Amino acid sequence: MSDHEYTPKSKAGKWFNDRLPLLTLGAHLTDYPTPKNLNYWWTFGGILTFCLMTQIVTGIILAMHYVAHADLAFASIEHIMRDVNYGWLIRYIHSNGASMFFLAVYIHIFRSLFYGSYKSPREVIWIIGLLIYLLMMAAAFMGYVLPWGQMSFWGATVITNLFSAIPLVGDSITTWLWGAYSVDNPTLNRFFSLHYLIPFLILGLVVLHIWALHVPGNNNPVGIDIKKPSKDTVPFHPYITIKDAFALLMFMIIFAGFVFFVPNVLGHSDNYIPANPMVTPAHIVPEWYLLPFYAILRSVPDKLGGVILMFSAIFILFVLPWLDTSKVRSAVFRPLYRQFFWILVIDVLMLGYVGAMPAEGIYLVLARVGTVYYFLHFIVVMPVVGYLEKTDPVPMSISEPVLSGGVKPSLARKINDKV
Amino acid sequence: MIKSKIIRLFSLVLLSFLPVKSLYSAEMIDPIKVDWSFKGLTGTFDRASLQRGFQVYKEVCSSCHSMQYLSYRNLGEPGGPEFSKEEVKAIASSFEIQDGPDDQGEMFTRPGKPSDKFKNPYPNVQAATAANGGAYPPDMSVLVKARKGGANYIYSVLVGYEDPPAGVTLDEGVYYNKYMIGNKIKMPNNLIDGLVEYSDGTESTVNQMAKDVTTFLAWAAEPELETRHKTGIKVMIYLILLTILVYLSMKKIWSRIDPKI
């Protein structure tokens, strides 16, 4: 938190602020000292906020026209696409918005992994972020069910069936989740209800995420603690706001490219076929952003084992701050970890790729290798590399280039260029 | 420099899952690539082709396939076949639509109005299935979006009928099609040269009819396509200009701190 005292200039402002210090909050958000060396990977927080608001606004409008009923849902989507003024635009923004949201969140998460933003004292920010990510996946999954196309129906069937793997009570739990003896109208109804609820839970967690961020302040590409405010920091406004705005606009150009020119390329064509419980699609695939987990799920021959492994793949991230033993945050100064970081990126991309393929032959082998490596990375590589690695010298501050190990200032400059 | 780096990484991330799409099912041969007028960033529909395509749909397809999400009024709306108001009225009134109940509680039929939905050839899915040898002729409203390969695939199937290769035996009522998944289709080859008589004098070859009706179906699936493309171009120009302005503002603001950003 910035420690300055804020006093509103006007009398009315002072009167109000004494009773509810909203103006103090505003002043804090404006002046919030931010490391001046943040690169563009740090703009995704703002981009994600934009994504959430876009999904909420377009979603509320869609809900005005959508009908959550197994017999009417598909037709109501076509009604939105054809008869509602700019309904096609709102729906395409919403459906592509989900993909853009996940694109941004993955970049945001991997940024955190690269620069060690999850490490002390930012563990709580990281954990809240993971909770947001979990809720995002739930919201996206349920949202994909709502058009009640073939992929909606069969995706819902596959995912809800995972719970039947729980010993003893699995089947009862699945029936309870469905509200019926298969995915049916009651399932659609509750998914709609929850799909409407979850974004507001996410919004609440986002407030906590930002609150928790504002206690220690931002991490930065160099990954060192900095004095705040100091010449290493800039006020959030206008410096960071304008930079975030620039990055957001670049992001919006890509977003608009999808919405206006290839609005269905990220979806599956089968979802334009109305749900039919009697016909199973040849390949049931989730949306692209869930594919790595789908690959992990299918890499295990045993259903319960697959489910446990899939959930572990996410929950292991919660203990990441304690698995990482390195004293240095930023991978810029961690030559060994840096390589493993990129292997992990490739591993996850590969898992996503094989997740879209039939679980057989070489794809199954790749999925298994990828899954094993995924867990090895967190359970073995992170703790061990932290101990063994000889890290590069870390600068003392952002603006004063350097350092303990007798490296020339010019090198520090180079490091700053790199980050 | 930073910008190009970002763009590169963006495209890397995006590209990383694009090839996935094209590899979903390897067992299908690639559909014929047609140079559609509605392709690309500024693509629009060929008005005359849409009108001819509607004729093919009406005279051939509509005896089995429904298009339940379209209304007759759509035929006169901008971005579509753009039939005149009178033509739309005439088309609509050529169908007998069931309405009711009237004040006696009886259902009755009346000539169609532009606000009516396209008339279904069968009262329900079961009737349609029973009348077509156990295969439901799918509703064609969003068919182009519901098939991988889209318009190219639909066109290819329409022109892809062949005699089965040696060794392939077909059941009664099943036909061989080069482009259909599994090569077996229950829809007979309905298009023969000269089947419909185009009022604009275009020769109605099989390829021509297939092309026209596919164009019509592409429009039916995405009636907003032209508006979408036009709006998209405007949005892009606006966003790019705004991005440049914001970039320059950013440079100016940051020059107070670090001219190097």
Side-chain angles (χ1 to χ4, degrees), chain A residues 36-37 39-41 43 75 78-79 81-83 86-89 92 103 106-107 149-150 231 234 238-239 242-243 245-254 256-261 263-274 282-283 285 288-289 291 349 352-353 355-358 417, chain B residues 2-3 5-7 9-11 13-14 16-21 23-25 27 40-41 68-71 74 138-139 141-150 181 221-224 227-233 235-236 239-240 242-244 246-247 249-250 252-254 256-258 260-261:
Chain A
K36 70 175 192 181
N37 63 335
N39 57 33
Y40 283 98
W41 300 117
T43 57
E78 281 310 308
H79 164 69
M81 294 299 285
R82 291 161 195 275
D83 300 329
Y86 288 98
W88 59 269
L89 179 58
Y92 279 154
L103 175 64
Y106 283 126
I107 294 174
Q150 273 291 66
K231 60 182 176 171
V234 289
Y239 296 97
I242 190 80
K243 200 167 164 180
F246 169 62
L248 175 61
L249 281 163
M250 302 258 291
F251 183 80
M252 285 169 78
I253 290 173
I254 296 172
F258 278 110
V259 167
F260 289 102
F261 300 111
N264 292 307
V265 77
L266 297 173
H268 196 292
S269 50
D270 277 11
N271 226 26
Y272 280 105
I273 303 171
H283 300 294
V285 278
W288 68 266
Y289 38 81
L291 287 173
L349 289 176
Y353 177 76
M357 296 295 150
D417 281 350
Chain B
I2 295 166
K3 207 154 82 175
K5 213 156 111 191
I6 290 184
I7 294 170
L9 275 151
F10 258 132
S11 36
V13 173
L14 290 175
S16 64
F17 52 80
L18 281 181
V20 171
K21 301 262 105 179
L23 285 165
Y24 266 129
S25 54
E27 69 270 23
L41 302 189
Q68 55 178 327
Y69 300 120
L70 273 82
S71 306
N74 297 141
D139 182 85
S141 314
V142 286
L143 197 65
V144 168
K145 285 200 281 192
R147 294 292 180 276
K148 200 159 70 69
I181 300 161
E222 300 188 288
E224 86 296 342
T227 324
R228 178 155 61 71
H229 284 176
K230 266 185 239 156
T231 316
I233 296 287
V235 168
M236 282 295 178
L239 282 177
I240 289 167
L242 188 59
T243 307
I244 293 168
V246 169
Y247 177 73
S249 316
M250 181 179 74
K252 180 129 179 81
I253 289 170
W254 275 83
R256 299 174 212 160
I257 307 269
D258 179 0
K260 240 181 80 289
I261 185 172

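Since the structure is predicted, the reported quantities are computational estimates derived from the model, not experimental observations. Each chain gets a letter, A, B and so on, in the order its sequence line appears, and its residues count up from 1.
Counting heavy-atom pairs closer than 4.5 Å to chain B, the top residue among G355(A), A75(A), S269(A) is S269(A). Heavy-atom pairs under 4.5 Å with chain B were tallied for L249(A), L89(A), L248(A), V259(A); the largest tally goes to L249(A). Taking M252(A), R82(A), H79(A), Q150(A) one by one and counting their heavy-atom pairs under 4.5 Å with chain B, the maximum is reached by R82(A). Among the candidates G257(A), A245(A), P274(A), P263(A), the residue making the largest number of heavy-atom pairs closer than 4.5 Å to chain B is P263(A).
Side-chain atoms of D270(A) never come within 3.5 Å of backbone atoms of G149(A) as a donor-acceptor pair (strictly under, hydrogens ignored). Side chain of S141(B) to main chain of Y69(B): a donor-acceptor pair is present (N/O by atom type, distance under 3.5 Å, no hydrogens or angles).
Residue Y106(A): no heavy atom, backbone or side chain, is found under 4.5 Å from chain B. E222(B) touches chain A through its side chain: at least one heavy atom from C-beta onward sits under 4.5 Å away, while N, CA, C and O do not. With a 4.5 Å cut-off on non-hydrogen atoms, S71(B) does not touch chain A at all. The part of D83(A) that comes within reach of chain B is its side chain, from C-beta onward, which places non-hydrogen atoms under 4.5 angstrom from that chain. Heavy-atom distances place no part of L143(B) under 4.5 Å from chain A, backbone and side chain included.
Applying the side-chain contact (heavy atoms from CB on, under 4.5 Å) criterion to T227(B), with sequence neighbours excluded, gives W88(A), T231(B).
Side-chain atoms of V144(B) and Y272(A), non-hydrogen and from C-beta on, never get closer than 4.5 Å to each other. Side-chain atoms of M81(A) and K145(B), non-hydrogen and from C-beta on, do get closer than 4.5 Å to each other.
Across all their heavy atoms, I233(B) and F261(A) have their closest contact at N-CZ, 3.8 Å.
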- Task: Evaluate the side chain to side chain contact (heavy atoms under 4.5 Å, CB included) criterion for residues Y92(A) and R228(B): first the C-alpha distance (whole Å), next the side-chain angles of each, then the deciding distance (0.1 Å), finally the verdict.
- Result: CA-CA 10 Å; Y92(A) 279 154; R228(B) 178 155 61 71; 4.0 Å; yes
